[in-house]
Amino acid sequence: MENYVEKVYAVTRRIPRGRVTTYGAIADYLALGSARMVGWALYQSIGVANVPAHRVVNRRGELTGRLHFPTPTMMQQLLESEGVRVTNNRVVDFERHFWHPAQAEE
DNA sequence: AAGGTGACAGGGT
DNA sequence: TACCCTGCCACCT
């Protein structure tokens, strides 16, 4: 791995379809920097292929990064297309969809 | 060089 | 759950 950003991309790509995780979980798993750094790294991911940034939300399950997508509704739309319901910019049953990088992927 | 900013989190109230 | 405050750390003026 070259840098912090690449590591964040790698972890983000491992998030299973239909699942979500948090900035803090990624930062914790990488044991590097803080959650803010993860947010910054994902901001860099705009335009990078195969980085499902829409599966990363904040600790409350809110789609705080939606305004950074090409369109403000894309993030929610992508999640719903994977079976994750979103209401008022928040993931419904967030805890049920939560996935931690440390747990085995399915 | 110093201070402001931000796709955040955790703890207290 | 929500709101507020503080810690966080790379980047950009």
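Small disclaimer: the values here were computed from a predicted structure and weren't measured.
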What does A:A41 touch in the nucleic acid at a heavy-atom separation under 4.0 angstrom: a base, only the sugar-phosphate, or nothing? nothing

Measure [atom1]/[X] against [atom2]/[N] and give the value in whole Å, please.
X: A:N58; N: B:dA7; atom1: CG; atom2: P; answer: 12 Å
X: A:F94; N: B:dA9; atom1: CZ; atom2: C1'; answer: 12 Å
X: A:F69; N: B:dA7; atom1: CZ; atom2: P; answer: 12 Å
X: A:M74; N: B:dA7; atom1: CE; atom2: P; answer: 18 Å
X: A:F98; N: B:dA9; atom1: CZ; atom2: C1'; answer: 12 Å
X: A:Y4; N: B:dG6; atom1: OH; atom2: C1'; answer: 13 Å
X: A:L42; N: B:dA7; atom1: CG; atom2: C1'; answer: 7 Å

Step by step, would you call A:V91 with A:F98 a side-chain contact (heavy atoms from CB on, under 4.5 Å)? CA-CA 10 Å; A:V91 175; A:F98 181 74; over 6 Å; no

Indicate if A:I15 and A:Y23 have the same hydrophobic cluster label, given that clusters are the connected sets of ILVMFWY residues with side-chain heavy-atom separations under 4.5 angstrom. yes

Verify the cluster assignment for A:V51 and A:V20: are they in a single hydrophobic cluster under the rule of side-chain heavy atoms below 4.5 Å apart? no

Indicate, yes or no, whether a donor-acceptor pair under 3.5 Å links the base of B:dA7 to the side chain of A:Y43. no

Under a 4.5 Å cut-off applied to non-hydrogen side-chain atoms, are [X] and [Y] in contact?
X: A:T12; Y: A:L42; result: yes
X: A:V57; Y: A:M75; result: yes
X: A:M37; Y: A:Y4; result: yes

Check ring pair (Phe, Tyr, Trp, His ring centres under 6.0 Å) between A:H100 and all other residues, then give those that pass, not counting sequence neighbours. none

Contact check, residues 75-87 of chain A vs DNA chain B, heavy-atom distance under 4.0 Å, returns none

Can you give one letter per nucleotide of nucleotides 4-13 of chain C, 5' to 3': B if a protein heavy atom sits under 4.0 Å from the base, S if only from the sugar-phosphate, - if neither? ---BBBSS--

Proximity to the side chain of A:I46 - top-ranked nucleotide from C:dA2, B:dA9, B:dA7: B:dA7

Looking at A:R55, I'd like to know whether one of its side-chain N or O atoms comes within less than 4.0 Å of OP1 or OP2 on B:dA7. no

So with a 6.0 Å cut-off around CZ of A:R13, is the heavy-atom count from everything else above 12? yes

Give a yes or no on whether a salt bridge exists between A:R19 and A:E82, defined as a side-chain N under 4.0 angstrom from a carboxylate O. no

